[in-house]
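We're numbering straight along the sequence, starting at 1. Atoms considered below: every heavy atom in the structure, side chains included; atoms not considered: hydrogens, waters and symmetry mates.
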Amino acid sequence: MKPLIHFLLFCSTLFFSYMTFAVTFEIETNALDAPTPNRIKYEKLTPQILAEFGQPSSIHMLTILKLDEQDRLIGIEQITNPLAIRAESFHPETGEIEETNDFLQEKALLNISLKHQTNVKKVLVFLPQVDENSATWLFLKAFPIHPDPVVGGPFPSSDVIKVIDNGHSENRVDLVFVAEGYTTSEIKRFEEDLSGIIEGFFRAPPLSTYQKHFNVWGVKSISNQSGAGNGSPIDTAFGAHFGCYGIDRLLCVETRKVQQYVGQKLNEEEHDVIVVVVNTTKYGGAGGAVATMSLHSSAVDLALHEVGHTFALLADEYDYGTCNAGPASEANVTNQRSGQKWSHWFDHADNVDSFEGAKYCKQGMFRPTENSMMRTLAQPFYAVNTEQIIRRIYKYTSPIDQVTPEAKAITLEKGRSIRFSSKLLQPSDQTVTAYWELDGSIVSQSLDYTFDGTRMNEGRYQLKLIAKDTTPSVIQDNNQVLKRTKSWTIIHGNDDGDPGDPDDPDNPGCTVPNKPDGLTFSQVTSSGFVLSWNAKQHAVRYDMIRYDWGQKAWVSIGSTENTQLEVSGLHSGQYVYVSGRSFNRCGKASDYAEMQRVWLPRN
């Protein structure tokens, strides 16, 4: 029986650098108190989590909801549960699984990344409640994100080595290797050991292709004794020992102590993935929010497998362990024999099909390939897992690495010009493409664009840089994480009046209307509603959309010249999210409206 998991806020610490890139909270296992008003309020969001991810199938994931300052939902994701230890024992020669189990620690630090999410003002944490008879998501707590930057974080330390510096941590995945079991006389060898480990990590596709998207740090620690204990800790910095929980090759450390130590040495945005390197050649390791590995020659593959869990949120594809067949949120396992989840690869990868036996079940769960790194060590990740790893890389990074000018609003005297430039973050196969749009029309497909005021009318212009990674290794990108946009407003000369009004014969431009606002719902039933919004000058049409949970995509709910739409034929008992754009008579569109939602009551 899987234990019930509950969390209680223990304390919280926030660090900020240029802006808030991550927040860290300390949590511990405990029984929740009686329901509070906040818990009742936010647990109303549980149906949406179920629609997005289904019921929790293990203790290894938490669900995070991100809200803006109006308490509107702007993001939903799953992250690794820092209290859970994934105990896996693989044979060092065959790479096959020998033993697996799950365990809970008493305390750990929960780190939530906010890279490229500047409008997040609150995060909600939902935890899995799993036993042998039922499974659901339980609201823990709402954590506010303070809007004002606070100077803080660690000072530079001689214990920290930036082994690979590919750019600012705001736009990189930061991989941290922490020394454990190195004495004063041995710590010099840590850098040498790291060299071989890093080479092994970035030899494996797709990490080899996306190495420029990573920074790599080494964090030194001094232990009084060398290596790791057997069965119990010895006098090392983080208590590393084999045989924890009765599994010989399971190499455990004090996770919370590691997280606290790293937090003292690096800012929050500088430690997205943490791996502890233990100074012993005995084979072993462990997974979880903090992975461990030894210096054994096969330990890099074990660490890659564990990072596949922790970073990429991939499931185990082997069929050994405690089976709990059912819907799964991970990209690489399903309970559907058809393999519909990865069917977009059927015509593109010869080895992708639907193979029975996955996620600890011999029957009833399916994987995309006969073998892979998530089933047997020293195997490639293959197409489906590779696609998920790349999507996760772009959760932390943007294909737009740098732009100038940085100011979003530019004011120019009449006839003056200004040059805009960009730098792209390219994988090794150079698959990122970019183009510039001025008021919806493409004006450049190079890295630069010059707004030439000598050729432009006075008025207000919208400039966008749009970049996308077109890698063939990602076919399905429903959340458009491989595509990013930077926008500027250019005010050229006198902005009084309305230059570009298509009704003005002396200036027949095409002014882009503002995005719809004031979206409201009325006549709400179990299957529909009436949606209304404010009219916008220069708009001749409004295209409105809603999010379809089944397709996991935005779909049209209608196009109208009016400011009202009747929506029907929907399923009851769900939140419906809507947005839309205004269009002028030239076909140029506004930005999308701020997303709004309505609850459709159950029949």
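In this model, no donor atom of one side chain and acceptor atom of the other lie less than 3.5 Å apart for N514 and S590. When only modelled atom types and interatomic distance are considered, W342 and E387 share no side-chain donor-acceptor pair under 3.5 Å. Inspection of the Y360 and N324 side chains reveals no N or O donor paired with an N or O acceptor under 3.5 Å. When only modelled atom types and interatomic distance are considered, D401 and H168 share no side-chain donor-acceptor pair under 3.5 Å.
Between F366 and F355, the distance separating the two ring centers is not shorter than 6.0 angstrom.
Looking at E356, its side chain does come within 3.5 Å of a backbone N or O of G364 through a donor-acceptor pair. K536 places no side-chain N or O within donor-acceptor distance of the main-chain N or O of R581, the cut-off being under 3.5 Å. Remark: side-chain polar atoms of S169 are not paired, donor with acceptor, to backbone N or O of R172 under 3.5 angstrom. Remark: side-chain polar atoms of N171 are paired, donor with acceptor, to backbone N or O of S398 under 3.5 angstrom. Put simply, the side chain of S579 gets close to the backbone of A593: a donor and an acceptor are under 3.5 Å apart. Distance alone, capped at 3.5 Å, is enough to place a donor-acceptor pair between the N332 side chain and the A315 backbone. No donor-acceptor pair under 3.5 Å is formed between the side chain of N267 and the backbone N or O of E269. Remark: side-chain polar atoms of Y382 are not paired, donor with acceptor, to backbone N or O of V352 under 3.5 angstrom.
Scanning all heavy atoms of the two residues, the minimum distance from V333 to A328 falls at CG2-CB, 3.7 Å. Residues P601 and S572 approach most closely at O-CB, 3.2 Å, considering heavy atoms. In this structure, I400 and A467 approach most closely via the heavy-atom pair CG1-CB, 3.5 Å.
Looking at heavy atoms from C-beta onward, D319 lies in side-chain contact with R375 at the 4.5 angstrom threshold. At a threshold of 4.5 Å between non-hydrogen side-chain atoms, the residues V481 and K395 do not count as touching. With contacts defined as side-chain heavy-atom distances shorter than 4.5 Å, the pair M544/L519 qualifies. For the pair H309/M374, a side-chain contact is recorded, criterion being any heavy-atom separation below 4.5 Å from C-beta on. Within the 4.5 Å cutoff, the side chain of T63 has no heavy atoms near those of the E77 side chain. Side-chain contact between I393 and F214: present, with at least one pair of heavy atoms (C-beta onward) separated by less than 4.5 Å. R367 places none of its side-chain heavy atoms less than 4.5 Å from the side chain of Y318.
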Next item on the list: Just do the salt bridge (Lys or Arg N to Asp or Glu O under 4.0 Å) check on R546 and D548 with the steps written out, would you?
Entry: CA-CA 6 Å; R546 69 173 176 86; D548 187 294; 3.6 Å; yes

Check: For K464 and D591, what are the C-alpha separation, side-chain angles and deciding distance, and is it a salt bridge (Lys or Arg N to Asp or Glu O under 4.0 Å)?
Finding: CA-CA 11 Å; K464 292 183 180 180; D591 291 331; 2.8 Å; yes

Checklist line | Derivation and outcome, salt bridge (Lys or Arg N to Asp or Glu O under 4.0 Å), residues K265 and E270 | finding: CA-CA 10 Å; K265 303 295 181 181; E270 294 172 338; over 6 Å; no

Next item on the list: Show the numbers, then the answer: is there a salt bridge (Lys or Arg N to Asp or Glu O under 4.0 Å) between R391 and D477?
Entry: CA-CA 7 Å; R391 287 192 297 242; D477 181 23; 5.8 Å; no

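Within the model, atoms OG of S329 and CG of L50 stand 11.5 Å from one another, a figure rounded to the nearest 0.5 Å. Atom CD1 of I74 sits about 8.5 Å away from atom NZ of K66, to the nearest 0.5 Å. Rounding to the nearest 0.5 Å gives a distance of 10.5 Å between OG1 of T334 and NZ of K359.
Ring geometry for Y575 against Y577 counts as tilted: the plane angle lies between 30° and 60°, on a 0 to 90° scale.
Around CD of E566, the count of heavy atoms belonging to other residues, nucleotides or ligands within 6.0 Å does not exceed 12.
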